[in-house]
Amino acid sequence: MTDIKGQVDALPGTDPRAPLLQINDLHVEFHTRDGVAKAVNGASFWLNPGETLAILGESGCGKSVTAQAIMGILETPPAHITQGEVRYRGVDLLKLPEAQRRKVRANRIAMIFQDALSALNPVYSVGFQLAELFRVHRGMSRGDARKRAVELLDQVRIPGAKSRVHDYPHQFSGGMRQRVMIAMALALDPEVLIADEPTTALDVTVQAQIMGLLAELRRERNMGLVLITHDMGVVADVADRISVMYAGRVVEEAPVYDIYARPGHPYTRALLESIPRLDLKGQQLSVIQGLPPALTDIPAGCAFHPRCRYAKDPCRQDPAPPAYSIAPHRTARCHFFREVLGE
Amino acid sequence: MFRYIVRRLLQMILTFFGATFVVFALMFANQDDPIQALAGEKPVSDNVRAVLTERYHLDESFPVQYWYYMKGLLTGDLGRSMAGRDIGEMLSGAWPVTLKLSALAIVVAALIAITAGVWSAIRRGGFFDNSTLLMTLLLLAVPIVVLAPVAQLVFAMELRWFPATTTARAGLYDLLLPAVVLACSVMATQLRVTRTSVVENLRADYVRTARAKGLTPRRVTWVHVLRNSLIPVITLIGVDLGMLMSGAIIVEEVFNIPGVGFNLARGIRAEDGPLVVGFVSVLVVVFLVVNLVVDLLYAALDPRIRYE
Amino acid sequence: MSDTRSRSLAGDAWTDLRHNKIFWASGVLVALILLMAVVPSLFTSADPAVCTLANQNQGPSSTAWFGYDFQGCDVFARTVYGTRDSLEVGLLSTLLAGVLGLIVGMAAGWFGGVVDAVLSRLTDIMLGVPLLLAAVVFSGRLSSPFEDGVFAVTLTLGLLTWTAAARVMRSAVITAKSQDYVAAARMLGAGPARLVFRHVLPNSIASFIVVITILLGTNIAAEATLSYLGAGLGGDAISWGLQIAEARNYARIAASPLVWPSVFLAVTVLAFIMLGDAIRDAFDPKLR
């Protein structure tokens, strides 16, 4: 498979020693009738092979937009990437011509979406939609591509793959549909898989199955997995590291156990406190006061300050807090991280 | 799927009886003296009157006349026109050229409407989009009764690019001008529906998925978006056929094409009741059958309906 | 609550319309056409009924701007006077279709169940007969040589074209019925009439107006088509369709008697369709 990939989709300039995926200072703006919405304001993170990075945040914090910017599937207009780099193995994808960019998609970096029912084309069988990848990217014959499609459905543990390959998306259950999405994303053996809220639309039991499947496939293939979610509970078991996003910025980045034990940013702390916990049964659940800011009108300084109980004057003034290195492999964009850590 | 077909079939049978009843009732309602109408100003002898009354069951009551009408329709015996010709024979002689004309018109309309519709949806708000919008407005506004004679005057008589009239054995090129005129009656709606539908589908989530799969924009549009967008356009074909039938009456009359519409137009002018009702009834049946076929086609295009 | 909502929607739509050039252009055209129909003598001093064979097929001149037709009638005068019958048929048949559609649609939507099933089937049946085909059967012999046929054609078109209005009203009523505030009003004992006038109509009037405006255009075109075929206006009526039918045979000798009624007919239909389009754009929040 790697041979074919080398021939068909050669990407010049890749450096095997460079990080698998590195996002630097990414800015994305949406030009709308109501003004410029700053969806992503300097997001930065990296990902290594075999690693799972969870990107955590409330809806509207720019995590999905970041993912789509990495894939290069933002609708332009209204979206514009105004600044930053998306480096895959050292190559800045944002500088690649569209034809080469297209070959990166699905081949090197693939993505699965939240709602598999609307993300799959309703009028084509899942077999067609899977086989399409092999036909377009690998130039396979119809029959061979169909055979590969069945294999893929098998790999994501869909029972009766041989007959189900002819079925249409609406004939699958929610969980099975998400498995089809995963199969589609893994078809061309990508090295990076971005999963945008892959289990949000599913029942709790099915959620666990899908997360388990993703973790297993990642291990088997030594893929880098970017898991986008708003649910801290989901990521605890699967993720290696967590990047917490707020108003288009990564406000804290840390290995998963550190962050659960001692959050370094007030926002992370608030998120953790809003998870229902068995040992705190009977106590009132805390909620984060206020709402995330409108992206057309992000507060000066630290964007979280209007909702923050640690906020003092420096927080309300530009520039925004830098990424303080608060521990080995840990950063937080908070002037008062020491207080938050409880030191 | 099977239940869907059965349900549609039952619906069609009901509509068939309803629609033919409407046609018959309409005719019956304004029947004053068809025999006198046929003869015009001249007096009609009692002998002739008796024969005609007998032939068309004119002295029978409404239910009896309806019974004869339905019997004729279901057995394929459409009777004789006022001028004494066999209506079934007239029809079978006339339909091939009409079929050719309308098929050509449908192809012309669909080709232009779908291509232009997709294009203006992709470049919505652009120059092409705005000019197509203007063009569809004009097409909607100019009725065929205007378009046909003017097109004949300009392109056939003055510019002489096309023949002004044709025969029953007309070739495709001879039929091109009338077919284009006929196509104009349905093109505008088809184009607008295609455009709206493509615009909506371009925003759909599955388009994002298709792009994430590394497909070319062309493949995304013409394979993924188009098939979804065509579903509402297909349903239009049924309605369009009604427009085409009405349009064919005018177009065939203007361009002297001896088809179904031409005969019907003559029948109307000659106030030949049996001929008009016979032709209209058959056209209504064709219309219903085609609409049924369209619904099945719709199911074939949209798997969500197929497995209902 | 519904009142302020619908009023603000109407207000928004009006603000939108006021800045819409197409709305103004079509509005002015419609006004001009209406004026022409009511007082044709304002536009021409010639009598459309006075025809002198000596003038047969004469070209345009200062006295007759569009020349004379085969019968020696003033083409401009006849075209202007033709507006009246065309609009009369168009307006009255649309009014009839609108009222029928309103009643059928509301009854089907309001009562649901069997009433809805029967009325919806009836609508299907009406849609099963293409308009023109039904019209030629119906109005064919209603117009004897001595009548102008205005009544017959109006009745025919009105009885055959109510389906679109009925469908719009039916779905509007069903939507309105399921809305919370209407359900609440029903529970508070508001009668059907009150509900319809206070809640359903204000919310559905926009789509109804659009359907009706466009129907006006198509009914005017249908009248011309029927008249052209000899199944419409006749007698001493002046109709663009009749003019076109007559002029067609002499089009190579004199194009003007064919061209001008055609232009007037097309412009009239265009004006109504554009008006309907502009109103739809103003009321359809999806397009904003």
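Note on naming: letters A, B, ... go to the chains in the order of the sequence lines (proteins, then strands), and numbering restarts at 1 for each one. Everything quoted here is computed from the prediction, not taken from an experiment.
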Name all residues meeting the side-chain contact (heavy atoms from CB on, under 4.5 Å) criterion together with C/L87; count only those two or more places apart in sequence or in a different chain, and write none if there are none. C/I33, C/L34, C/A37, C/T83, C/I220, C/T268, C/F272
Measure distances from B/L241 to the heavy atoms of chain C and classify the residue's part below 4.5 Å as side chain, backbone, both or neither. neither
Return the CD1 to CG distance between C/I125 and B/L14, rounded to the nearest 0.5 Å. 5.0 Å
Are B/S246 and C/T225 side-chain neighbours, meaning at least one heavy-atom pair lies under 4.5 Å? no
Is the CZ atom of C/F151 crowded by more than 12 outside heavy atoms at less than 6.0 Å? no
Any side-chain heavy atom of C/L270 sitting closer than 4.5 Å to one from B/L137? yes
Reported CD1-to-CG distance for the pair C/I22 and B/L134, which is rounded to 0.5 angstrom: 8.0 Å
Honestly, the part of C/I244 sitting under 4.5 Å from a heavy atom of chain B is side chain
Is C/L127 in contact with chain B via its backbone, its side chain, both, or neither, using a 4.5 Å heavy-atom distance? backbone
Would you compute the distance between atom CG of B/L140 and atom CE of C/M274 and round it to the nearest 0.5 angstrom? 12.0 Å
Please determine, among C/V269, C/L229, C/L132, C/L265, the option with the most heavy-atom pairs under 4.5 Å with chain B. C/L229
What residue, out of B/L147, B/V284, B/N291, has the most heavy-atom pairs lying under 4.5 Å from chain C? B/V284
Highest number of heavy-atom pairs under 4.5 Å with chain C: which of B/L288, B/T20, B/V276, B/I250? B/I250
If you tally heavy-atom pairs under 4.5 Å against chain C, which of B/V150, B/L138, B/V254, B/V22 wins? B/V254
Side-chain touch B/L283/C/P130, heavy atoms, less than 4.5 angstrom: no
Is it true that atom CZ of B/R192 has more than 12 heavy atoms of other residues, nucleotides or ligands lying nearer than 6.0 Å? yes
Quick check: do C/L133 and B/I249 have side-chain heavy atoms less than 4.5 Å from each other? yes
Select one option (side chain, backbone, both, neither) describing which atoms of B/V199 are under 4.5 Å from chain C's heavy atoms. neither
Heavy-atom pairs under 4.5 Å with chain C, option from B/I144, B/V23, B/V145 with the top count: B/V145
Heavy-atom cut-off 4.5 Å, strictly under: side chain, backbone, both or neither for B/R124 against chain C? neither
For C/R121, which residues count as a side-chain hydrogen bond (donor to acceptor under 3.5 Å, both in side chains) partner, sequence neighbours excluded? C/D124
